[in-house]
Amino acid sequence: MPIYEYVCGKCGEKFSLLRGMNSRDDAQCPKCGSVDVKKVMSAFCCSSGPGGSSPAMPSGGFGGG
């Protein structure tokens with residue numbers, strides 16, 4: 001399940017929710033209880049393998065490791 005990030009229009013609280021992709025967007029602010037929330041763009045990370053590095057990128061990261 002993806003994690004979505006929100007910001008509350010009433011109190012400004014930023015929070016994340018683990019939501020199913022088909023779930024309705026009825027998020028509620030955990031701080032003030034408002035439903036005046038908006039999804040915000042968030043960064044994401046992806047990795048493969050137990051060490052977290054992908055075959056396309058050496059374990060040293062950028063610049064040849």
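FYI, the numbering just counts along the sequence from 1. Computation of the quantities below employed the complete heavy-atom set of this structure, encompassing side-chain atoms and omitting hydrogens, waters and symmetry-equivalent molecules.
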query: Mind checking what makes side chain to side chain donor-acceptor pair (under 3.5 Å) contact with Tyr4, not counting sequence neighbours?
result: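 Applying side chain to side chain donor-acceptor pair (under 3.5 Å) to Tyr4 gives none.
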
Nearest heavy atoms of Cys32 and Cys29, plus distance in Å: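 What the structure gives for the nearest pair is N-SG, 3.5 Å.
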
Considering only distance and modelled atom types, tabulate donor-acceptor pairs under 3.5 Å from the side chains of residues 10-21, sequence neighbours left out.
from: Arg19; atom 1: NH2; to: Arg24; atom 2: O; distance (Å): 2.4
from: Arg19; atom 1: NH2; to: Asp26; atom 2: OD1; distance (Å): 3.0

query: In the hydrophobic clustering that connects Ile, Leu, Val, Met, Phe, Trp and Tyr at side-chain heavy-atom distances below 4.5 Å, which members other than Val7 occupy its cluster, ordered by chain and number?
result: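 Reading the cluster by chain and number, Val7 sits alongside Val40.
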
